[in-house]
Structure formats: C-alpha cells, structure tokens
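In what follows, every chain begins at residue 1, and chains take the letters A, B, ... in the order their sequences are listed. Bear in mind the structure is a predicted one, so any value in this text is a computation, not a measurement.
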Amino acid sequence: MSDLATYNFAYLDEQTKRMIRRAILKAIAIPGYQVPFASREMPMPYGWGTGGVQVTAAILGPDDVLKVIDQGADDTTNAVSIRAFFQKVANVAVTTRTREASIIQTRHRIPEEKLTAGQTLVYQVPIPEPLRFLEPRETETRKMHALEEYGLMHVKLYEDIARNGHIATTYAYPVKVEGRYVMDPSPTPKFDNPKMHMSEALQLFGAGREKRIYAVPPHTEVVSLDFEDHPFEIQTFDKPCALCGAEDVYLDEVVLDDKGGRMFVCSDTDHCEDRCARGHRGHLAYDKEAAE
Amino acid sequence: MYVAVKGGEAAIANAHRLLADRRRGDRALPAIGIDQIVAQLGLAVDRVMAEASLYDRALAALAIRQARGDMIEAIFILRAYRTTLPRFGYSKPVDTSAMVIERRVSATYKDLPGGQLLGPTFDYTHRLLDPSLLADADIDAPLEREDSGEPVMRVSDILAGEGLVEDDGSLPDGHVPGDITREPLEFPMARDLRLQALARGDEGFLLALGYSTQRGYARTHPFVGEVRIGEVEVELDMTELGFSVSLGRIQITECQMIAQFKGSAKTPPQFTRGYGLVFGQSERKAMAMSLVDRALRAEEFGEDVVAPAQDEEFVISHSDNVQATGFVEHLKLPHYVDFQAELALVRRMRREYEEKLAGSTDDIAEAAE
C-alpha cells in the first residue's frame with residue numbers, strides 16, 4: 001500500500017487538468033459566465049477552497065511563484081494549509097509578496113497593491129450564483145442569465161434602500177461584467193469591487209462544491225450594480241491603519257481589551273509590512289529605533 | 001500591544017500532532033488492526049465503501065481508523081483517494097439475478113422460488129446489551145444450508161411475468177451511462193445519474209427523506225418486493241479480446257420497492273418501482289434509496305410535485321455528505337473581513353436610527369411647548 005501516495009504534479013492528473021483548462025478557456029471567452037466543470041474531490045473539504053485549488057492546480061507550472069491569502073493575510077491557517085499543499089504536491093516557489101507572485105490564490109480579498117499584466121488572481125468561491133438567494137433553483141437561475149433577466153436583483157437592491165436607506169449588501173456585492181453577465185465577485189468586501197474593473201491581471205473564479213468556473217479577463221469592464229440616485233460606494237474607515245498609517249485600504253478591527261479598546265489594522269498583511277519596511281508609521285506602530 | 005498573529009504553520013503542525021496522539025489513545029493498549037476493522041466492524045466498512053464509491057475493504061478500514069471512527073471523515077478520505085485513480089473502462093452492468101445470495105427477503109409473497117433467506121440480520125434480535133461480548137466468548141460456527149448453485153429469481157421478474165409491474169428501467173438505444181464523478185451535474189437529470197448520486201448519498205439524509213414519504217409527504221404506497229444481499233461478478237468488456245473478463249466478485253445490497261400506480265391514458269394500470277443498490281451489506285440505505293428514487297420519479301408518472309423527497313434539485317444537491325459537511329464546517333474559517341463590512345453597516349444604521357430617534361423626541365418636545 002506504500003505506492004498509494006504517488007500523486008501527479010500539483011495533485012490532479014493531467015486529464016483532469018486539461019478538462020479544467022478547457023473550462024477556464026471557455027470562461028475567459030465569455031466573461032462572467034459560469035462554466036460547469038466536473039469538479040473533483042480534493043484532499044481538503046468542500047467550502048475550504050477546493051474550487052480555487054483546482055484552478056490553481058490546473059494552471060500552475062514549475063516556474064510559477066505562488067501566493068495564498070485568506071482575509072487578505074498570508075498567515076491565516078487555511079492560507080497556510082493551501083500554500084503548504086502546493087509546496088508539497090508541486091514543490092513550487094511561494095511568496096508572501098504580491099508583486100513577486102505570478103499566481104495569487106485568495107479568499108475574501110483582493111490585494112491592495114495594483115496587480116499587473118501576467119499575474120493571475122484565483123478566487124475561492126463558495127456560492128458562484130449571484131441570484132441564488134433570490135432564486136434557489138439552478139434550472140431557473142440559468143434561464144435568467146440566458147435571458148439577461150436581472151430585474152429581480154435590482155428589486156432586491158431597491159428593497160434594501162426602501163427598508164434601510166442603504167443597499168445592505170456589504171460583501172459579495174453583485175457586478176455586471178462587460179455589460180452582459182451579472183456575476184458574484186465571491187465574498188470580498190465591496191471595497192474591493194473597483195479593483196476588478198479593467199484590471200491588468202487575469203481573474204479566475206473557482207467554485208468546487210458548486211462545480212463552476214468563471215473568469216474576468218484583463219482589461220474587462222466590471223461595474224457594481226447601483227442606481228443613479230443611489231450610486232455605488234465603497235466602505236471608508238475613520239482612521240488610518242494603526243501600524244503603517246495607510247489610508248484608503250481595508251482594515252481589520254482588532255479587539256485589544258475587555259474595555260472596548262479597538263485598533264484598526266490593514267487586512268492585507270503584505271501591504272502593511274511593505275509600508276512599514278519603507279518607514280511608514282501608524283500611531284500604534286512598534287518603533288524599533290525609538291525603542292533602542 | 002498588538003502583535004500580528006503569526007505562526008499558523010506551527011499551530012497546524014502541533015494540532016495534527018495532538019490529533020495523532022488522540023487517535024492512537026492509550027499506548028498501553030494494542031493498536032486496532034485494519035484486518036480487525038474489516039472483520040469486526042464490517043458494516044462501518046461497508047458504509048464507507050458505499051458513500052465513497054470505492055469498493056476496497058482494506059482502504060475503507062484504513063480510512064475509518066485514520067478518521068478515528070468518524071464515518072463522514074472516513075468517506076471523505078477515501079473519496080479524495082478515489083478521485084485520483086485513472087479510469088480505464090466501465091464494467092458491464094452487474095446481473096443481480098445471478099447473485100450468490102446470502103440474504104433475501106420479500107414482503108409481497110409468503111413463499112417464492114428460491115425461498116426467504118434471513119441471512120446475517122439484526123432483525124428479530126432483542127436489542128439488549130450483551131455482556132457476553134465484554135469477554136471474548138467462543139462463538140458457535142454458523143449453520144448454513146448448502147448452496148444449491150441455482151440462481152434465485154427476482155420478485156420483480158415474477159410480477160413482470162404477468163405484466164403487472166413496469167419494465168426494468170430501460171434507456172434509449174445509444175444512451176451512454178453518465179458518470180457523476182467525471183461530468184458536472186446538470187438538472188434535470190437522467191435516472192442513471194440520479195441513481196448514481198443516490199448510491200453515494202448520505203444514508204441518514206436518504207433515510208429521513210424515505211421516511212417522510214411514508215408519513216404522507218409524497219406517499220407512494222411502497223412494498224418491499226425484495227431485498228437481496230450477496231455477491232455478484234463484475235465483468236469488463238475487453239475490446240481487444242472481443243469478450244469480457246471477470247474482475248472479481250463484490251458484495252452488494254439490492255432493493256426493489258414495488259409502489260402503487262393507477263395508470264394513465266398512455267399506460268395500463270401496473271405497479272411502479274423504486275430501486276436501490278449499495279455496495280456491501282446496507283439494507284437501510286438500499287431501502288431508503290429505493291423510496292427516494294420512486295418519489296423522484298413523480299414527474300415521469302405525472303404526479304404532483306408537492307414534497308421535498310420529490311424535488312430532484314433539492315434532494316440531489318443536498319444528499320452528498322462530503323459536500324455538506326465541508327460547507328457547513330467552513331463557517332468556522334475566518335470571515336472577519338466580511339463581518340467587518342457588516343459591522344460597519346450595522347454601526348452606521350444604528351447611528352442613523354439613534355439620530356432619527358433623537359430628532360423625533362425633539363419634535364415632540366417642541367410640540368408640547
């Protein structure tokens with residue numbers, strides 16, 4: 001039984017990779033369209049990034065440099081686990097630096113640093129269907145996409161405004177791709193939506209459990225749904241990052257004590273470290289020079 | 001002072017080391033052997049083989065041991081191995097009428113060709129804890145009648161002789177059976193694909209759905225035409241040779257549920273069928289599967305779709321326990337980026353609410369003055 005543990009480069013067999021690559025090519029050809037693919041059981045659970053892992057496994061070559069983030073951070077446990085998986089099964093070079101990576105697999109964030117031509121961002125997607133919570137049936141939602149019938153989504157956003165005075169969707173905020181398909185950007189905060197628009201990088205989306213792949217090719221229009229009198233707006237934070245002083249970035253709230261103490265720090269750990277290294281300081285930064 | 005959480009890698013390694021320790025447990029006790037699991041926890045092994053769709057007792061037992069007895073985890077481990085195996089062909093359909101029977105019961109006939117054969121069953125045992133099992137007491141050798149070697153006629157064939165039951169499901173000429181592990185699911189599904197999905201579906205989920213049909217949520221008036229457990233031969237067509245070769249025998253459980261049907265303008269009155277087929281010995285699963293299969297054929301028979309068990313998308317999309325457990329348990333992964341987004345919105349709405357409230361009490365105060 002010892003010959004059990006022989007797996008192909010990047011785990012998947014070449015036939016499976018070819019099948020996934022075909023799905024990816026189709027997805028790139030029809031931006032925002034969800035291509036069904038024969039998702040495999042992966043050695044990590046469904047819902048833990050199996051779609052992203054399959055996409056990465058299918059496009060990964062020996063010369064690639066891989067970065068894996070979860071919630072913007074390279075050191076969250078699931079990101080560590082997925083990175084270690086590819087180191088083990090593909091012996092691939094890994095990095096935490098956004099600009100050094102050729103493939104970035106992500107869950108819930110888009111890096112703050114602008115991605116460039118030649119880079120590929122692979123999203124882990126739990127529910128690829130943006131209409132799913134309005135219509136639970138796949139047979140129906142596929143029809144709605146085919147007929148470009150997105151009225152239901154606009155009604156939902158309108159009802160949000162009528163009820164709350166705001167569009168109450170803060171993450172997985174629906175976008176329209178190249179004027180045709182309404183697409184789920186995966187559960188990234190809507191803060192990240194504008195980064196998808198006209199990105200130089202290739203964006204691939206893998207949903208393993210739901211067996212769908214979709215894509216936004218470079219230089220593609222990605223528009224967040226809104227109304228003329230209620231234009232789309234992203235989250236803003238009152239204070240800059242407490243460690244690197246960055247403004248216009250997405251922040252995590254860290255609870256400091258049981259007396260309501262809070263601090264806000266960059267969710268993108270690489271971006272934060274990079275800024276700190278370049279001498280930027282937030283008000284709670286640990287200052288080495290001052291300490292000496 | 002806040003220190004960025006590092007060391008996820010070390011934490012994971014240590015957690016897995018602790019897991020290995022807990023799995024092994026008290027080192028003073030001998031480790032449980034794979035052959036012991038195969039021999040003494042055979043039904044657990046069967047369930048793992050069935051829901052992992054891989055017939056290999058030793059690997060299933062290994063998965064059970066590795067999973068510390070967590071069945072769904074064991075199924076998951078075995079499936080993740082199965083998916084990497086190359087496909088070199090598809091076997092011929094197994095012939096269950098040629099089964100070497102170990103158990104066979106029918107609820108529709110008192111006696112029938114081949115007889116009723118109870119086999120190794122929990123039925124009619126009294127569920128009293130048995131202290132004699134605490135000690136490794138000697139077990140009597142079984143008494144078994146000599147195998148006549150005669151094939152045992154299927155009950156459905158008896159009814160079919162009179163034309164009182166629908167034909168064995170047939171597929172149109174040239175229909176190539178699908179493979180749900182190689183092609184993405186699409187709805188509506190052909191029955192061959194649906195049965196594949198049910199065969200690897202979660203036993204508990206199918207049991208509950210089957211049960212619901214008995215309690216009036218899509219009642220189908222079922223009778224167990226027959227449940228049979230035994231070994232069948234698996235054959236593979238060798239195109240190079242021009243004949244088929246035997247790959248070996250596997251144990252399976254088959255259930256033919258006979259359900260009522262009144263007939264329509266197109267069809268004369270006849271009984272309908274629900275079908276269940278499972279690796280190993282698993283009567284509960286095979287019976288539940290056959291009930292759900294029949295319920296899912298509602299549209300085929302022009303029945304109203306009114307209950308969950310009849311709803312193909314609902315049943316098939318949620319029957320896979322590996323998918324279900326992954327997605328339910330993924331909720332424990334960090335979601336703080338999304339939660340932060342929600343938090344900010346709720347805080348903002350709270351602020352607006354309180355401002356509005358303060359505004360309106362001012363209005364009241366003014367009006368009172």
Side-chain angles (χ1 to χ4, degrees), chain A residues 1 4 7-8 11-13 15 36-43 45-48 50 70-72 75-81 84 107-109 126 136-139 164-166 168 170-172 187-191 209 211-212 235 242-243 250-254 256 263 265 267 269 284 286, chain B residues 1-9 11-12 15 52 58-59 62 76-77 79-87 179-188 311-314 317 320 322-331 333-346 348-349 352:
Chain A
M1 268 198 290
L4 254 185
Y7 292 104
N8 192 28
Y11 179 77
L12 293 173
D13 58 285
Q15 261 182 319
F37 82 111
S39 176
R40 300 290 192 254
E41 273 106 356
M42 298 301 284
Y46 286 111
W48 298 53
T50 55
D70 185 343
Q71 315 292 301
D75 53 8
T76 33
T77 41
N78 205 41
V80 168
S81 163
R107 176 169 171 264
H108 293 196
R109 273 316 306 277
R137 268 168 216 288
E138 182 67 14
T139 37
N164 309 310
H166 305 280
T170 57
Y171 60 92
T188 50
K190 64 179 180 175
F191 180 89
R209 196 176 38 77
K211 303 178 171 59
R212 295 289 183 273
Q235 289 101 343
L243 295 179
Y250 197 81
L251 301 178
D252 281 340
E253 181 173 338
V254 179
L256 294 174
M263 75 187 280
V265 293
S267 121
T269 48
L284 289 177
Y286 174 70
Chain B
M1 182 44 52
Y2 168 73
V3 183
V5 185
K6 285 271 177 194
E9 225 153 318
I12 291 174
L59 292 184
L62 174 62
F76 179 19
I77 294 169
R79 276 220 206 153
Y81 171 66
R82 176 200 197 269
T83 195
T84 66
L85 299 176
R87 305 288 193 277
D179 181 345
I180 57 163
T181 66
R182 296 279 121 168
E183 299 292 332
L185 287 185
E186 279 188 60
F187 297 106
D311 185 332
E312 180 180 86
E313 257 203 76
F314 177 79
S317 299
D320 189 315
V322 177
Q323 287 176 12
T325 195
F327 201 48
V328 166
E329 292 195 54
H330 108 285
L331 290 173
L333 290 180
H335 283 80
Y336 40 76
V337 163
D338 296 345
F339 186 67
Q340 187 59 48
E342 295 282 81
L343 206 54
L345 179 68
V346 172
R348 182 172 160 188
M349 283 164 56
E352 288 169 358

Side chain, backbone, both or neither of A/Leu251 within contact of chain B (heavy atoms, under 4.5 Å): backbone
Engaged part of A/Gln235 at the chain B interface, taking heavy atoms whose separation is under 4.5 Å: side chain
What part of A/Ala242 gets within 4.5 angstrom of chain B, counting heavy atoms only: side chain, backbone, both, or neither? neither
Portion of B/Glu183 that has a non-hydrogen atom of chain A nearer than 4.5 angstrom: backbone
Considering residues at least two apart in sequence or located in another chain, which fulfil the side chain to side chain contact (heavy atoms under 4.5 Å, CB included) criterion with B/Leu331? none
Tell me, for A/Phe37 versus chain B, whether the close heavy atoms (under 4.5 Å) come from the side chain, the backbone, both or neither. backbone
Is the backbone N or O of A/Leu12 less than 3.5 Å from a side-chain atom of A/Asn8, with the two atoms forming a donor-acceptor pair by type? yes
I'd like to know which of B/Thr83, B/Leu333, B/Asp338 tops the heavy-atom pair count under 4.5 Å against chain A. B/Asp338
Do B/Asp320 and B/Arg79 meet the salt-bridge criterion of a basic N to acidic O distance under 4.0 Å? yes
Any chance you could lay out the side chain to side chain contact (heavy atoms under 4.5 Å, CB included) test for A/Gln71 and A/Ser267, step after step, and finish with the verdict? CA-CA 7 Å; A/Gln71 315 292 301; A/Ser267 121; 5.6 Å; no
Toward chain A, the part of B/Glu352 with a non-hydrogen atom under 4.5 Å: side chain
Under the side chain to side chain contact (heavy atoms under 4.5 Å, CB included) test, residues paired with B/Thr181 that sit two or more places apart: B/Arg82, B/Arg87, B/Asp179, B/Arg200
Honestly, the part of B/Phe76 sitting under 4.5 Å from a heavy atom of chain A is side chain
Ion pair B/Glu186/A/Lys211, N-O distance below 4.0 Å: no
Under 4.5 Å from any heavy atom of chain B - which part of A/Arg209: both
Please classify the contact of A/Pro136 with chain B as side chain, backbone, both or neither, using a heavy-atom distance under 4.5 Å. backbone
Select one option (side chain, backbone, both, neither) describing which atoms of A/His166 are under 4.5 Å from chain B's heavy atoms. side chain
Give, as side chain, backbone, both or neither, the part of A/Thr77 having an atom under 4.5 angstrom from any heavy atom of chain B. both
Could you tell me whether the side chain of A/Tyr250 and the main chain of B/Ala341 form a donor-acceptor pair under 3.5 Å? yes
Would A/Arg107 and B/His335 count as a side-chain hydrogen bond (donor to acceptor under 3.5 Å, both in side chains) if you check the C-alpha gap in whole Å, the side-chain angles of each, and the deciding distance to 0.1 Å? CA-CA 9 Å; A/Arg107 176 169 171 264; B/His335 283 80; 3.3 Å; yes
